[in-house]
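We count ligands from 1, going down the list as the structure has it; atoms in each ligand are counted the same way.
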Amino acid sequence: MKNILVIGSTGQIGSELTAELRARYGGANVVAGYIPGAEPKGELAESGPSAIADVTNAEQLASIVKEHHIDTIYNLAALLSVVAEQKPRLAWKIGIDGLWNVLEVARENNCAVFTPSSIGSFGPNTPHELTPQDTIQRPKTIYGVSKVTTELLSDYYHTKYGVDTRSVRFPGLISYVTPPGGGTTDYAVDIFYAAVRGEKFVCPIAEGTRMDMMYMPDALRAAIELMEADPAKLIHRNGFNVTAMSFPPEKIFAEIKKRCPDFEMEYQVDPLKQAIAESWPDSLDDTAAREEWGWRPNFGIGAMTRDMLEKLSARLLDK
Ligand code: NAD
């Protein structure tokens with residue numbers, strides 16, 4: 001039996017990961033950590049315990065871990081790439097000072113820790129095609145700098161103190177439950193909201209700019225399956241390349257238009273987002289994840305688009 005704390009449980013990933021973990025391990029065994037102003041609502045609030053868990057407050061984390069006998073922490077607290085560029089010091093405080101608190105509490109209480117890295121941990125001089133697992137990581141954004149640091153600090157706590165740290169480098173995540181929090185790949189979610197609402201989509205990323213993406217059900221499985229993997233088989237730890245698809249804006253537009261023939265899109269490229277997008281890989285090589293813990297995505301672009309349109313339409317109709 002696991003006792004799990006999800007830090008950042010009300011964000012794009014956390015809101016769905018907490019529900020999935022509760023379905024697997026029992027509602028009472030998964031604590032939804034949140035910060036004031038981002039409280040759990042609805043099903044998330046009702047399906048299990050919750051607690052204020054601010055990563056910048058080490059004592060608060062320690063008391064939750066002790067009170068709930070936590071043995072596994074999913075640490076999702078971060079500022080995403082575009083927001084972080086506007087608030088670099090805060091991004092570091094949450095992403096790295098906060099991570100340090102999480103790792104310390106994990107060391108003292110023998111917890112396993114999952115802290116996501118990102119395709120943002122790569123930079124302009126990383127090989128862009130089939131980006132290898134082990135390669136050059138010299139990102140130019142504060143988001144990227146903090147993700148590389150996240151990987152290194154998590155590895156350090158594993159080798160120095162034996163803390164069971166594991167992570168994946170998530171690509172852009174596409175989902176319909178909670179909107180994304182200010183990343184470079186948000187357009188791949190926003191385009192579905194425009195299509196379902198019957199609006200023209202204004203795309204901030206230029207035609208031809210490919211980035212890796214993944215549908216949320218695959219992302220949840222990646223996180224949970226990695227945390228359940230046999231440690232003896234893990235050569236890498238923080239973090240594994242994982243991907244499910246890679247596309248430029250015109251490809252996802254064409255895929256949606258097959259099902260929404262009147263849908264229209266125009267480009268108004270945002271220079272900040274475009275510069276970040278161009279510095280990231282075009283496609284990741286996730287062989288290490290496949291070999292070391294059996295990673296396989298279930299959703300390609302066609303299946304994801306079908307499911308997204310269906311589920312998002314139902315959700316928006318409900319409101
Ligand atoms: P999000 O912005 O939707 O959610 C972040 C959560 O962190 C929010 O619930 C927020 O309330 C919480 N938070 C903020 N400050 C906090 C603090 N001081 N203490 C505790 N919690 C705090 O982000 P997300 O998309 O769910 O991302 C989660 C993780 O996954 C992040 O590390 C992110 O970098 C990574 N990631 C996300 C994507 C993506 O496409 N969504 C891709 C790659 C990596």
Side-chain angles (χ1 to χ4, degrees), residues 5-20 31-41 44 50-58 60-61 64 73-85 87 89-102 105 113-122 139 141-151 154 167-190 211-216 218-220 222-223 238-244 273 276-277 280-281 284:
L5 169 63
V6 181
I7 298 174
S9 70
T10 58
Q12 187 193 4
I13 301 176
S15 55
E16 295 196 53
L17 182 63
T18 306
E20 181 63 29
V31 180
Y34 65 94
I35 52 171
E39 288 80 6
K41 295 192 181 86
L44 194 59
S50 53
I52 298 179
D54 186 329
V55 276
T56 63
N57 186 335
Q60 192 176 70
L61 294 183
I64 298 168
I73 302 173
Y74 287 82
N75 170 25
L76 306 175
L79 295 188
L80 298 197
S81 54
V82 176
V83 181
E85 235 21 56
K87 299 174 186 170
R89 185 65 194 89
L90 182 61
W92 190 265
K93 190 176 171 199
I94 296 170
I96 303 306
D97 297 343
L99 172 66
W100 198 291
N101 290 335
V102 172
V105 100
V113 182
F114 176 86
T115 310
S117 185
S118 157
I119 50 172
S121 67
F122 298 114
T141 60
I142 192 66
Y143 182 69
V145 173
S146 76
K147 287 301 180 193
V148 176
T149 310
T150 296
E151 295 185 7
S154 299
S167 79
V168 297
R169 295 174 182 140
F170 277 133
L173 300 183
I174 299 169
S175 69
Y176 56 84
V177 174
T178 305
T184 306
T185 53
D186 288 10
Y187 92 86
V189 178
D190 299 341
M211 286 183 277
D212 289 272
M213 304 278 177
M214 186 180 289
Y215 196 32
M216 189 60 85
D218 277 336
L220 304 181
N238 302 282
F240 284 92
N241 283 2
V242 286
T243 188
K273 291 182 182 169
I276 297 176
W280 289 359
L284 293 183

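Of the protein's non-hydrogen atoms, the one nearest atom 9 (O) of ligand 1 is Gly11 N, 3.1 Å. Closest to atom 40 (O) of ligand 1, if we only count protein heavy atoms, is Leu173 N, 3.0 Å. Remark: minimum distance from atom 7 (O) of ligand 1 to any protein heavy atom is reached at Ala77 CA, 3.5 Å. Protein heavy atom closest to atom 42 (C) of ligand 1, with residue, atom name and distance, is Pro171 O, 3.2 Å. Summary of contacts: the protein heavy atom closest to atom 33 (C) of ligand 1 is Leu80 CD2, 3.4 Å. For atom 27 (O) of ligand 1, the nearest non-hydrogen atom of the protein is Ile13 CD1, 3.8 Å. The protein heavy-atom contact nearest to atom 12 (C) of ligand 1 is Gly8 CA, 3.9 Å. For atom 19 (N) of ligand 1, the nearest protein heavy atom (residue, atom name, distance) is Val55 N, 2.9 Å.
When every heavy atom of Gly182 is checked against every heavy atom of Leu80, the shortest pair comes out as O-CB, 3.5 Å. Closest approach of Met211 and Thr184 over heavy atoms only: CE-O, 4.1 Å. Taking all atoms of both residues into account, the shortest heavy-atom contact from Asp218 to Ala244 is OD2-CB, 4.3 Å. The shortest heavy-atom contact between Thr150 and Leu99 is CA-CD2, 3.6 Å. When all heavy atoms are compared, the tightest approach of Ala53 to Leu61 is CB-CD2, 4.1 Å.
Residue Gly120 places every heavy atom at 4.0 Å or more from ligand 1. Within the 4.0 Å heavy-atom cutoff, Gly33 does not count among the residues contacting ligand 1. Between Tyr143 and ligand 1 there is a heavy-atom distance shorter than 4.0 Å. Ligand 1 lies less than 4.0 angstrom from a heavy atom belonging to Lys147.
In terms of polar-atom proximity, Pro179 is not counted as a contact of ligand 1, lacking any N or O under 3.5 Å from an N or O of the ligand. Any N or O atom pair closer than 3.5 Å counts here, and Gln12 shares at least one such pair with ligand 1.
A side-chain donor-acceptor contact under 3.5 Å links Lys147 to the backbone of Pro116. Under the 3.5 Å distance criterion, the side-chain polar atoms of Ser81 are left unmatched by any main-chain donor or acceptor of Tyr143. Side-chain atoms of Ser121 do not come within 3.5 Å of backbone N or O of Val148 as any donor-acceptor pair. A donor-acceptor pair under 3.5 Å is absent between the side-chain atoms of Glu85 and the main chain of Val83, judged by distance alone. For the pair Gln12 (side chain) and Leu173 (backbone), a donor-acceptor distance under 3.5 Å is present. Remark: side-chain polar atoms of Asp212 are paired, donor with acceptor, to backbone N or O of Leu284 under 3.5 angstrom.
Taking a cut-off of under 4.0 Å to the non-hydrogen atoms of Ala53, the atoms of ligand 1 that pass are 19 (N), 20 (C). Ligand 1 places these atoms under 4.0 Å from at least one heavy atom of Thr10: 9 (O). Contact atoms of ligand 1 toward Ile7: 20 (C) (distance under 4.0 Å to a heavy atom of the residue). Taking every heavy atom of Ala38 and a limit of under 4.0 angstrom, the matching atoms of ligand 1 come to 11 (O). With ligand atoms numbered from 1 in the order given, ligand 1 contributes 43 (C), 44 (C) to contacts under 4.0 Å with heavy atoms of Ser118.
Of the candidates Ser146, Gly98, Ser15, Ser117, the one placing a heavy atom closest to atom 44 (C) of ligand 1 is Ser117. Closest to atom 29 (C) of ligand 1 by heavy atom, among Ile174, Asn75, Leu76, Asn57, is Leu76.
Contact annotation for Ile35 and ligand 1: only side-chain heavy atoms (C-beta onward) come within less than 4.0 Å of the ligand. The residue Ile119 has no part lying near ligand 1, judged by heavy-atom distances below 4.0 Å.
With contacts defined as side-chain heavy-atom distances shorter than 4.5 Å, the pair Asp54/Ile35 qualifies. Annotation: side chain of Asn75 is not in contact with side chain of Phe114 (no heavy-atom distance under 4.5 Å). Residues Tyr74 and Thr18 form no side-chain contact, since every pair of their non-hydrogen atoms from C-beta on lies 4.5 Å or further apart.
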